[in-house]
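Notes for the one structure printed next.
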Amino acid sequence: MKFFVDTADIAEIKDLAATGMVDGVTTNPSLAAKSGKKFLDLIAEICAVVTGPVSAEVTALDHATMMKEANVLKKIAPHVTIKVPLTPDGLKTCKALSDDGTMVNVTLCFSPAQALLAAKAGATFISPFVGRLDDIGSDGMGLISDICTIYKNYGYKTEVLVASIRHPMHVVSAAKLGAHVSTMPPATLRQLFNHPLTDKGLKAFLDDWAKTGQSIL
Ligand code: E4P
């Protein structure tokens, strides 16, 4: 499974990229606004740190303007992935860009039918938002299961990019279902490393080692 970080915080991206666990980055207009940076500069900065796909979202609602925005964003770096909303105009834009060899991430997916449309439009990634579905008492992971089944049935190449992840168990459940990518906040990626028994076991090993008075170096 690939891990993307869902943030526009450059310091966080650099810090986590150094662990070797970051395969890409997703941003959205809210995260970009929070960064306080100029959007094009922000995406360029992220692209300089991470070599995998970096999602940059268009903000227009109509196809023609989405295409114009995408053409600006594409020029930043070859690994910029154009993020479009799951709307008729977004999918039309997805089809045009995909036909042209540009990576596209279709965002704000909340149903299997929407995911099917995105695959037919040639999306590189579909982003189903599991946390936001869970938040309203729906079954986020059930959606991932349905999409994985549907895509397998037809051999669609579109990768399932599990988004709106809230905790490590979302990542584990998505991995068990065979989803291709999890995009998660930096804190969730850090949580994946942790287990209290690891800390406890390491402390016991090092306490015993200290008693020997030895040093490897
Ligand atoms: C994905 O690309 C989105 O940016 C993100 O996962 C949304 O997460 P949220 O529901 O926590 O805002």
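Both ligands and their constituent atoms are indexed starting at 1 by order of listing. Numbering of residues begins at 1 and proceeds along the displayed sequence.
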Does this structure show an ion pair linking Lys203 with Asp199, if we count only N-O contacts that are shorter than 4.0 Å?
no
Residues passing the side-chain hydrogen bond (donor to acceptor under 3.5 Å, both in side chains) test with Thr107, sequence neighbours excluded, are none
Taking salt bridge (Lys or Arg N to Asp or Glu O under 4.0 Å) as the cut-off, I'd like each qualifying pair that reaches into residues 119-131, sequence neighbours left out, listed once.
none
Ligand 1: protein residues within heavy-atom distance under 4.0 Å
Asp6, Thr26, Asn28, Lys83, Phe129, Arg132, Ala163, Ser164, Arg166
Non-neighbouring partners of Met1 that pass side chain to side chain contact (heavy atoms under 4.5 Å, CB included), sequence neighbours left out:
Phe3, Val171, Ala174, Ala175, Ala179, Ser182
Could Arg132 and Asp135 be called an ion pair, given the rule that one side-chain N must be under 4.0 Å from one carboxylate O?
no
Could you tell me if Thr81 and Asn105 have a donor-acceptor pair between their side chains, going purely by distance under 3.5 Å?
no
